[in-house]
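Please read the structure below before turning to the comments.
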Amino acid sequence: MFLHLSKYACFLSMLLLLSGCWSQINFDQLTVVSAIGLDVNKQGQLQVTVQLVNPTLPVAAGGGGQQRRAIATYSASGVTVEDALETIRKQAKKSLFFSQTKILLIGERLAKQGMDHMMDFFWREPNQNFNCWVMVTQRPVKEVLTDSKELQAVSADEWKAYFINKTYKPTSGGIQLYQFLPRLDQSSFQVAVPGLLQVGKSDSKDVLMEITNLAVFRNNKMVGWLNSEETQVVSWLTQLSAQGLFQMTTEDKKSIMFELKNIHIAMKPIFENGQLQMNVRMKTNASIKTSTDAMDLTDKKTTDLIKAELSNAITASIEKTLYKLFRSYNSDAVGFGETIHRKLPKKWNPLKDVWNEELVNIKVQSSISIEIVKTGLLIDTNIKKDDVP
């Protein structure tokens, strides 16, 4: 009897050492989702589109075969994102792999209706890539993910590379999913999402898209757009970028393009007699890229005049952008509330529940410090008039 029990115990212990694979999925059953898009169809239902990486076929014998497109797109409607994705899984006959997703693309119509309860899937999906980039488009999402003309075969790869490139950050913004999700419910620092907009009008199947402007949200609903100049100001104030290009027209009608580098921003909230004032200090180096008239930068009077006019122009741009954000959109997309919360937490507590309404009462005081540096290859530091057609 004891011998039989020993055999059973030995057998059971061997079973425990075996590694099972009941929950594993083979690689040939997976397909990588490079981009996922959310939109509203003509019936007003939620429409989900996925851009799938499509491995190319080997060239057929004789060299006459054609290769597949690098992507395949599937689209379905549903009550929730997961509901639509389940339909797509049946269409593609594959399991969807989200860990390599580069882009979340949201249609403007859906964004303006509000994203309430739409983002639940992204919080719950265990294989979600929270580093993917978020954009808003005015065109139907399905068309953008299917027909966008890019240098890289997978358009989502091209868009991701654009956001990583620091050169373009000032005018494109950039927000990733891990930042986007919590800010939908955060009044102290609200969402501003780069736009993926069509360049001109085209009747061809291939559509040329440009990453530009910012879609501004108030809580979970989109309320309007900022243009490229205003987008650059938001990028500076949120310290997303420390460089940029700035075009200025002087009082004597000179048009000068400056390259700004090493931009440092400091914001300090001050309460005086119950009035909130936000002091914004900006320090930067500026070099002249082009000018429509001759200038002698060895003349201190000329240099001081240029610095003063540039300072005034940047100040006006900041004030115009903040006026549009606070008074037109009632949205704090530059994080003033977060600054108050961090530096004056006791003052923030009575403001946090009414912050959107309080934005119109903020007084902004800007201070711009500029150092003119570099003159390129001009040894005598004289900026000569550009060739004007």
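Across all non-hydrogen atoms, the minimal contact from Ser291 to Ile256 is OG-CG1, 4.1 Å. In plain terms, the two heavy atoms of Pro194 and Ile175 that are nearest each other are CD-CG2, 4.0 Å. The shortest heavy-atom contact between Asn131 and Gln176 is O-NE2, 2.8 Å. Among all heavy-atom pairs drawn from Ala333 and Phe189, the shortest one is O-CE2, 3.4 Å. Closest non-hydrogen pair, Thr284 versus Lys261, comes out as OG1-O, 3.0 Å. Nearest heavy-atom pair, Ile71 versus Ala153, reported as atom, atom and distance to 0.1 Å: CG2-O, 4.2 Å.
Linking Ile, Leu, Val, Met, Phe, Trp and Tyr whenever their side-chain heavy atoms come within less than 4.5 Å leaves Ile340 and Ile270 in two separate clusters. Clustering ILVMFWY residues whenever any of their side-chain heavy atoms sit less than 4.5 angstrom apart, transitively, puts Leu145 in a cluster other than the one holding Leu177. Tracing side-chain contacts under 4.5 Å through hydrophobic residues (I, L, V, M, F, W, Y), one never reaches Val154 starting from Met135; they form parts of separate clusters.
In this structure, CG in Leu351 is found 10.0 Å from CG in Asn361, a value given to the nearest 0.5 Å. Here Asn330 contributes atom CG and Asn219 contributes atom CG; the two are 10.5 Å apart, rounded to the nearest 0.5 Å. One distance of note links CG of Leu85 with CD of Gln91; it measures 10.5 Å at 0.5 Å rounding.
Residue-environment remark: NZ (Lys254) exceeds the threshold of 12 foreign heavy atoms within 6.0 Å. More than 12 heavy atoms of other residues, nucleotides or ligands sit less than 6.0 Å from atom CZ of Phe130. More than 12 heavy atoms of other residues, nucleotides or ligands lie within 6.0 Å of CD in Gln43, so this atom counts as buried by the packing criterion. A 6.0 Å sphere centred on CD of Glu357 holds more than 12 heavy atoms belonging to other residues, nucleotides or ligands.
No hydrogens or angles considered: a donor-acceptor pair under 3.5 Å links the side chains of Asn356 and Gln190. Judged by distance alone, the side chains of Glu338 and Gln186 do bring a donor and an acceptor atom under 3.5 Å apart. Under the 3.5 Å distance criterion, with hydrogens and angles disregarded, a donor-acceptor pair is assigned to the side chains of Glu229 and Ser317.
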Contacts table for residues 73-80: side-chain donor-acceptor under 3.5 angstrom, sequence neighbours left out:
residue : atom : partner : partner atom : Å
Thr73   : OG1  : Thr146  : OG1          : 2.9
Ser75   : OG   : Gln47   : NE2          : 3.3
Ser75   : OG   : Val48   : O            : 3.3
Ser75   : OG   : Thr49   : OG1          : 3.0
Ser77   : OG   : Asn41   : ND2          : 2.9
Thr80   : OG1  : Asp83   : N            : 3.1

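Trp133 pairs by the ring pair (Phe, Tyr, Trp, His ring centres under 6.0 Å) definition with Phe163, not counting sequence neighbours. Not counting sequence neighbours, Tyr329 has no partner by the ring pair (Phe, Tyr, Trp, His ring centres under 6.0 Å) test. Listed by chain and residue number, nothing satisfies the ring pair (Phe, Tyr, Trp, His ring centres under 6.0 Å) test with Trp225 (two or more places apart in sequence, or in another chain). Among residues two or more places apart in sequence or in another chain, the ring pair (Phe, Tyr, Trp, His ring centres under 6.0 Å) test is passed with Phe98 by Phe121.
Listed by first and then second residue, the ring-ring contact (aromatic ring centres under 6.0 Å, His included) pairs involving residues 271-291 amount to none (not counting sequence neighbours).
For Phe336 and Phe326, the distance between ring centers is under 6.0 angstrom.
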